[in-house]
Amino acid sequence: NAGVTQTPKFQVLKTGQSMTLQCAQDMNHNSMYWYRQDPGMGLRLIYYSASEGTTDKGEVPNGYNVSRLNKREFSLRLESAAPSQTSVYFCASSPPPQKPNYNEQFFGPGTRLTVL
Amino acid sequence: TQLLEQSPQFLSIQEGENLTVYCNSSSVFSSLQWYRQEPGEGPVLLVTVVTGGEVKKLKRLTFQFGDARKDSSLHITAAQPGDTGLYLCAGARLNRDDKIIFGKGTRLHILP
């Protein structure tokens, strides 16, 4: 099993350009997440999807859109990139929540994005 | 407001020493997790604690969940250079939805 895969690993964009970050998981997890990680800020949730066909905003959704294409794939789109979106982006998935709610996260290797 | 406060933010110690890092909150959590992240990689789950007062051991790492389920600690015995990394705590708040929240992390550097 590959776990959680992300593409691309690195990307440089100019302000105003658009791009889509791809994420796929092969663990049959229901929930998938997109985080950004910035120095001194920790991991912040951008969007999440509790199941195929549903998406919800996280802590920092502005400037991003997501698509839960199917159970395996969850993509993140930047429509008009800004320098403030320079960050490392992580996709994660988690198995169905048990009682109590564990939500253990399995992360991909990350995409390092620079917006000039 | 940071719901999960980790301390210290940075720690640099010699190989062989012991250390403890802390994760504190004013909120109650149904479970709390610890992750380790190495440079250029995603975080990897180390342990989940779910019962107040629970202690779990992973080789030289000891994790404890506070009795009130508002805090946790990670103790490393005889630290080794391979323990170097960013340690993140994360928790699922009681009776909340299925998101978890992360602390900002403790960056640990073990000097050989």
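Order of the sequence lines fixes the chain letters, A, B, ..., with proteins taken first and strands second; residue numbering starts at 1 for each chain.
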Report task. Ignoring hydrogens and angles, tell me if any N or O in the side chain of A:Arg44 forms a donor-acceptor pair with the backbone of B:Phe102 under 3.5 Å. Result -> no

Which region of [X], side chain (C-beta onward) or backbone (N, CA, C, O), has a non-hydrogen atom less than 4.5 Å from a non-hydrogen atom of chain A, or is it both or neither?
{"X": "B:Gln37", "answer": "side chain"}
{"X": "B:Ile101", "answer": "neither"}
{"X": "B:Leu32", "answer": "neither"}

Any link between [X] and [Y] through a network of hydrophobic side chains (Ile, Leu, Val, Met, Phe, Trp, Tyr) touching at under 4.5 Å?
{"X": "A:Val66", "Y": "A:Leu21", "result": "yes"}
{"X": "B:Leu19", "Y": "B:Tyr87", "result": "yes"}
{"X": "A:Phe74", "Y": "A:Val4", "result": "no"}
{"X": "A:Leu69", "Y": "A:Tyr47", "result": "no"}
{"X": "B:Leu61", "Y": "B:Leu11", "result": "yes"}

Query raised in the report: Considering residues, nucleotides and ligands other than A:Gln17, do more than 12 of their heavy atoms fall under 6.0 Å from its CD?
Result: yes

Requested in this report: Please report the shortest heavy-atom distance between A:Gln105 and B:Tyr35, naming the atom on each side.
Outcome: N-OH, 2.9 Å

Requested in this report: Select one option (side chain, backbone, both, neither) describing which atoms of A:Tyr35 are under 4.5 Å from chain B's heavy atoms.
Outcome: side chain

Report summary line: Whatever's closer than 4.5 Å to a heavy atom in chain B on A:Gln37 counts as side chain

Please round to the nearest 0.5 Å and tell me the distance separating atom [atom1] of [X] and atom [atom2] of [Y].
{"X": "B:Lys104", "Y": "A:Leu43", "atom1": "NZ", "atom2": "CG", "result": "12.0 Å"}
{"X": "A:Glu104", "Y": "B:Leu46", "atom1": "CD", "atom2": "CG", "result": "11.5 Å"}
{"X": "A:Phe107", "Y": "B:Leu45", "atom1": "CZ", "atom2": "CG", "result": "9.5 Å"}

